[in-house]
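All chains are named by letter (A, B, ...) in the order of the sequence lines, taking the proteins before the strands, and each is independently numbered beginning at 1.
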Amino acid sequence: MAKDKKLLLVDGNSVAFRAFFALHNQLERFVNHNGLHTNAIYGFKLMLDKILGETDPANVLVAFDAGKVTFRTKKYDNYKGGRAKTPSELSEQFPYIKELLTAYGIKSYELADYEADDIIGTMAKEGEANGYEVTVVTGDRDLTQLTTDKTSVAVTIKGVTEIEKYTPAHVIEKYGLRPEQIIDMKGLTGDSSDNYPGVTKVGEKTALKLLKQYETIEGIYEHIDEMKKSKLKENLLADKEIAFMCKDLATIRTDAPLELTLADTKWDGAKREDLVAFFEEMDFKSFLAQLNKTSDAQNDEEAVSKLDVSELTADNLADLSYTEASDISFYLELANDNYHTADFWGFGLKIDDKFYAAKDVELLKQPKLRQLFEDEKYEIDVFDGKRTYAALNRLGITLNNINFDLLLVSYLLNTSDNSNDLGNLAHRHDYYDVKTDEEVYGKGAKRSLPAEDEVYFEHLAHKVKAISDLEDDLMVELKKNEQVELYLQIERPLSLVLAQMEIAGITVDRERLDIMQSEFKERLSELEQLIYQEAGEEFNINSPKQLGVILFEKLKLPVVKKTKTGYSTAVDVLEKLRGMSPIIDNILAYRQLAKLQSTYVEGLLKVISTDGKVHTRYTQTLTATGRLSSIDPNLQNIPVRLEEGRKIRQSFVPSYPDWEIFASDYSQIELRVLAHISGDPHMQAAFKEDSDIHASTAMKIFGLDDASEVTPNMRRQAKAVNFGIVYGISDFGLAQSIGSTRKQAKEFMQTYFASFPGVHQYMQDIIKTAREKGYVETLFHRRRYLPDIKSKNYNLRSFAERTAMNTPIQGSAADIIKVAMINMQTELKKAGLKAKMLLQVHDELIFEAPKEELETLKELVPKVMDSAVELAVPLKVESASGKTWFDTK
DNA sequence: ACGCTCACG
DNA sequence: ACGTACGTGAGCGTT
C-alpha cells in the first residue's frame, strides 16, 4: 500500500540541542558502557518516534549544519558570534545521532556553506512542488516563516515530545504577522541569539506597527518620506542598510544547491536488527525491551508468551514432585487488597520449569503442598511475602522460608516507584512477559476473575514466572547498591514481624466508642444549631465551599488565604479570624469534633473484626524514606495532641483481663541520628550529657551561658529550629512555624549554623552528594533517588535539596526502629513471654502483656530498642504502661 | 478522581 | 521573582 505523499523534514541540530537540554538534569544517568553521554540521542529518539507516529511520512530527511562557516558569516562577520560553545557532552553525541538515523533508515544531510534551515527550506519547496504535504520539525521558531497551506512547522516547546504545530493561520494568530513577514520582523528587530542588531530602538511593538501599515521592509522604505519627522524615522534612515542585511540573514534559502533530490529521502521504515544493535551499543534497555515487546505482539497478537500450565486438583496432586526442586515461586491470588479478609481466588506455582495453577486454595492444606511451605528446606520466591504469609496463616499454613520477595526488592532498588502490582513492577524492570492485574481482572468494582480458567491460569503462571525470571537480575542490582544486607537482615525478616503484628491485631472497646459516638452526636448538633443561628441560615458546615460563602461573603470577614478553588477555611486561617465573630470558635469546635466522630469513632467502629480487634496493614513498600505506613485502619495517626481526641485511645485495650498496654518510644531519635551522621561535636555533647536538647539549642542560638536563662518562649523557638533542621530548613518555613518574619528566621538559621558547624557542613555535603550521585542514602544504605536536584526549576530543586537533607535522617531513624522490631520479636520468643508487639508508630512500639510481665518488659524493651544500633550518641527510650493506650503516658 | 482539611510522627 | 518546611492516610464534598 502506497503511503500518502507526506514529507518530514527535521532540523537535526536544533532538535538535538533541545533534547540535550531537556534531559540535561539527567546527564549523568545517560552514560553508556563506553562513557558516552546519551541523553540527546535518547531524547532525539523519543521525538523521532512521536513525530513518525503522528505523520507516517513516505519521505524523511534530517538536515544538519555543516560547520561554523556559512554564506551568512561571509556576509556578516558577527553572525552567531558570541554564542556559547556547544558543550562537549553534546557534540560527542552528534555522530551517534546520525547512526541512530541510519538505523532508522532515515537520510541525513548537510551542505557546506549552508545551515540546516536552508536545506529544509529548499527541500520543503521541492516537496510542495511535487504535491507533498510537508512537516518541518525544529526547536527554532524562526522556521515558522516556512509555513504555507502545504507546509506546517512543528516547534518543540517543552521537553522533547511536546510540540506546537504552526500553520499560517496559527502564525498570524500568535505573532500578528503572516509567515512571510517574519523575516521583515527580524530585519527590524534583529536577533540577539544569532547576534545581528536590527534597527536601533525598534523592538517587537514598533516593528509590528510598522509592518501592519507597510507590510514589508521594502514597503517601509518606499513610504519613508511620508513619515512625520521622528526619532523612529531617523533611526530607520540611519540603519537602512542594516535592516536589509538583517532581513537577508533571517531569510531561509529555498534554492540551496542540494546534491540530493526528493527521491533520495524515501523512507521504508527502520530495520529491526540495526535498531537492536544501536540500542545495545547505547545501553538503551527500555527501547530494547520495547522492541521485543512489539515484535512479540506482532508475532502472535499477544503481549505475553504462551505457557504450559497444569491445573492442580485433588486427584493429580499426588503426582506433583519437588523434592529436588531448586526454583520454587508461588503467588497467592486474592479478591482484593485486604488480605486479612479477602476471598481466596487461587494460586500459581512454579517448580523449576513447570507451571501449576488452581482456584481451590483448600489444596494448599493437603500435606503435599503444605510441606512445601512449612518445611524450611524449601526456599520460596514470592511477590509480597507479608501478604502471602498473612493470607496463608488464615488457612492454617505457616510460610517458613521466603527467599526472594520481588515486591520488597523492587522497592529497595527504588523507593520512589511503589506500585503494588506485579505486572507494573515487572514492566519497570523491562520485563514484559506478564500482564498487569488490571489488564486481566479489570479495575475497581469491576475487578473479577476472567471468564475462562485458561486465561486466569496463564496469568498466574506468568506471575510466578516473572518472580523467578527477575530474581537473579534484581539481586545483582541489590548487590551493586550494597543493599543485600538491608534486604536480608532488615526488610525480609521485618515483613514477617509485621505480618505477625497485623495478625495479632489490637482489641478495641466497642462500648467505649459507642458512648463517645452518642456524646459527640449531641454536642455536634448543639454546635450545628449555634452556627446556623450565627450564620442566619442552614448550610453544610463540612463544605469548605459553602462555609467560605458564609464567612467571607455573608459575614464579610477578611480573606486571609485562598486556595486554588476558592477561600481557604483551614485552621490557621480561622485562628486569625477569632474574635471577629463568635461563629469562628464554634466552627473550630465543630471541625475538631466532626473529625473525631467521622474518622476515629465511626471509622474505627466500621473496621472492627468479629474477633473484636482491628487488623491494620502496614505498607512496607510505600514511603520514599523507608518509614512504614498503616492503612485500613491507619493506626499511626490516632489523636494524642489534644486531650479531647486523646480519649479515643481509651478504646484501645488489651485482649485479656489482667493484661495491660505497654508502650516505649525513642526520645528525639531524629535529632540523635542527625548528631551522629553530622558528627557535630556540640550536638553530640548535648545528647551525651542527656540535656534537654531544645533548651540547649536555645542557649546556643540566644547566646546564653546558663540553662536557667532559657525562657519557655526561647525553648519553643529553638524547638521549631530543630524541627526545621530535620526537615531541611528554609527561612520561609521556619518563619511560618514560629510566626516571625523571614528575616528573623534567617538570622536564627545563621546563628544555629554558626553554633553547630558540623550540622551546617552536613547539609552542604549531603546536597553535594545528591548532585553527584543522584541519590542519598540512610545508615543502612536505603536509597532515595533525587533527579530534581539538578532541575533548573527553583521549586523542584529546592524541594529536592530539602529532601536530600531530611531523608537520611528520617530514613535512618526508620531503619533503626525496624532493627529494634526484629530483635524485639526474637527476644520475646526467646524469653518465652506472652507479651505481644502490636503497633509501630514511627518512633514507638506498643505491646499488650500480662501484668506479671510488665516488670520484665520495662527492662527488656528499652534495652532492645536502644541497642538496635550503635551511634556516636546514646539512644534514649521512654516507657509507660496502663489499662488502655490512653493510659500509657 | 481530586482537592481540602486534619489526624499522626 | 518565585513560593516552599519532611513523611504519611482518611473522610468529605465537589467534579
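The listed nucleotides are C/dG9, B/dA1, C/dC6; the one nearest the side chain of A/N806 is C/dC6. Closest approach to the A/V640 side chain among C/dA5, B/dA7, B/dG9 is made by B/dG9 (side chain taken as heavy atoms from C-beta onward). Comparing B/dT5, B/dA1, B/dA7 by their nearest atom to the side chain of A/A570 picks out B/dT5. Considering only side-chain atoms of A/K595, the nucleotide from C/dG7, B/dG9, B/dC6 that sits closest is B/dC6. Which of B/dA7, C/dA5, C/dC6 sits closest to the side chain of A/A720 comes down to C/dA5. Distances were taken from every side-chain heavy atom of A/R649 (C-beta onward) to each of B/dT5, B/dC8, C/dG7; the shortest belongs to B/dC8. With distances taken from any side-chain atom of A/S598 to the nucleotides B/dC8, C/dT4, C/dG11, the minimum falls on C/dG11.
No contact: A/S798 has no heavy atom under 4.0 Å from any strand. Among the atoms of the strands shown, none is found under 4.0 Å from any heavy atom of A/A735. Residue A/L622 is in sugar-phosphate contact alone, with no base atom involved, counting any heavy-atom pair closer than 4.0 Å across all strands shown. Counting any heavy atom pair closer than 4.0 Å across all strands shown, A/I809 reaches no nucleic acid atom. Nucleic acid contact for A/L734: base, since at least one base atom lies under 4.0 Å from a heavy atom of the residue. Note on A/A594: nothing from the nucleic acid sits closer than 4.0 angstrom, heavy atoms only. A/N634 comes within 4.0 angstrom of the backbone, heavy atoms only, and of no base. Across all strands, A/V841 comes closer than 4.0 Å only to sugar-phosphate atoms, never to a base (heavy-atom distances). Residue contacts for A/R742: at a heavy-atom cut-off of 4.0 Å it reaches a base atom on one of the strands shown. Using a 4.0 Å heavy-atom criterion, one finds that A/Y794 contacts the bases of the nucleic acid, with or without backbone contacts as well. Looking at heavy-atom distances under 4.0 Å, A/D731 makes no contact with the nucleic acid at all.
The phosphate of C/dT14 (OP1 or OP2) has a side-chain N or O of A/Q546 nearer than 4.0 angstrom. One finds a side-chain N or O of A/N540 lying less than 4.0 angstrom from the OP1 or OP2 phosphate oxygen of C/dG13. The side chain of A/K545 places an N or O atom within less than 4.0 Å of a non-bridging phosphate oxygen (OP1 or OP2) of C/dT15. For C/dC12, the OP1/OP2 oxygens have no side-chain nitrogen or oxygen of A/S543 closer than 4.0 Å. For the pair A/T599 and C/dG11, the criterion of a side-chain N or O lying under 4.0 Å from OP1 or OP2 is not met. Between A/R802 and C/dA5 there is no side-chain N or O to OP1 or OP2 distance below 4.0 Å. For B/dT5, one of the phosphate oxygens OP1 or OP2 lies less than 4.0 angstrom from a side-chain nitrogen or oxygen of A/S568. The side chain of A/T565 contributes no N or O atom lying less than 4.0 Å from OP1 or OP2 of C/dT14.
Between the CZ atom of A/R627 and the C1' atom of C/dC6 there is a distance of 8 Å, rounded to whole Å. Counting to the nearest Å, the P atom of C/dC6 and the CZ atom of A/F732 are 12 Å from each other. Here the P atom of nucleotide B/dC8 and the OH atom of A/Y618 are 17 Å apart, to the nearest Å. Separating the CD atom of A/E670 from the P atom of B/dG9 is a distance of 12 Å, rounded to the nearest angstrom. Distance, A/I648 CD1 to B/dC6 P: 17 Å, rounded to whole Å. Rounded to whole angstrom, the span from the CG atom of A/L593 across to the P atom of B/dC6 amounts to 14 Å. Between the CG atom of A/D572 and the P atom of B/dA7 there is a distance of 12 Å, rounded to whole Å. Atoms CD1 (A/I541) and C1' (C/dG13) sit 14 Å apart, rounded to a whole Å.
Comparing A/F723 and A/L628, the nucleotide of DNA chain C nearest to each residue sits closer to the 5' end for A/F723.
For A/E772 and A/K768, the salt-bridge test passes: some basic side-chain N is under 4.0 Å from an acidic carboxylate O. Under 4.0 Å is where a charged nitrogen must lie from a carboxylate oxygen, and between A/R523 and A/E644 at least one such pair does. The residues A/E848 and A/K883 are annotated as not salt-bridged, no charged nitrogen and carboxylate oxygen being separated by less than 4.0 angstrom. The residues A/R797 and A/D788 are annotated as not salt-bridged, no charged nitrogen and carboxylate oxygen being separated by less than 4.0 angstrom. The residues A/K743 and A/D731 are annotated as not salt-bridged, no charged nitrogen and carboxylate oxygen being separated by less than 4.0 angstrom.
A donor-acceptor contact under 3.5 Å links the side chain of A/S737 to the base of C/dA5. Contact annotation: side chain of A/Q636 to base of B/dC8, donor-acceptor pair absent below 3.5 Å. For A/R641 against B/dG9, a side-chain-to-base donor-acceptor contact under 3.5 Å is present. At a cut-off of 3.5 angstrom, the base of B/dT5 holds no donor-acceptor pair with the side chain of A/R591. Side-chain atoms of A/Y727 stay outside donor-acceptor range of the base of C/dG7, with no qualifying N/O pair under 3.5 Å.
The same atom, P, is picked in B/dC6 and in C/dG3; the two are 24 Å apart, to the nearest Å. Straight-line distance between the P atoms of B/dA7 and C/dC2: roughly 33 Å, to the nearest whole Å.
Judged purely by distance below 3.5 Å, without hydrogens or angles, the side chains of A/T778 and A/S812 never pair a donor atom with an acceptor atom.
Considering all non-hydrogen atoms of both residues, A/L557 and A/F552 come closest at O-CD2, 3.4 Å.
The cationic group of A/R387 does not satisfy the cation-pi geometry with A/Y339, failing either the under 6.0 Å distance to the six-membered ring centre or the 45° limit from the ring axis.
In this structure, C/dG7 forms a base pair with B/dC8, meeting either the Watson-Crick or the G-U wobble geometry with both donor-acceptor distances under 3.5 Å.
Within the structure, the salt bridge (charged side-chain N to carboxylate O under 4.0 Å, His left out) test picks out the following pairs touching residues 571-589 of chain A (sequence neighbours left out): A/K561-A/D572, A/E575-A/R578, A/R578-A/D585.
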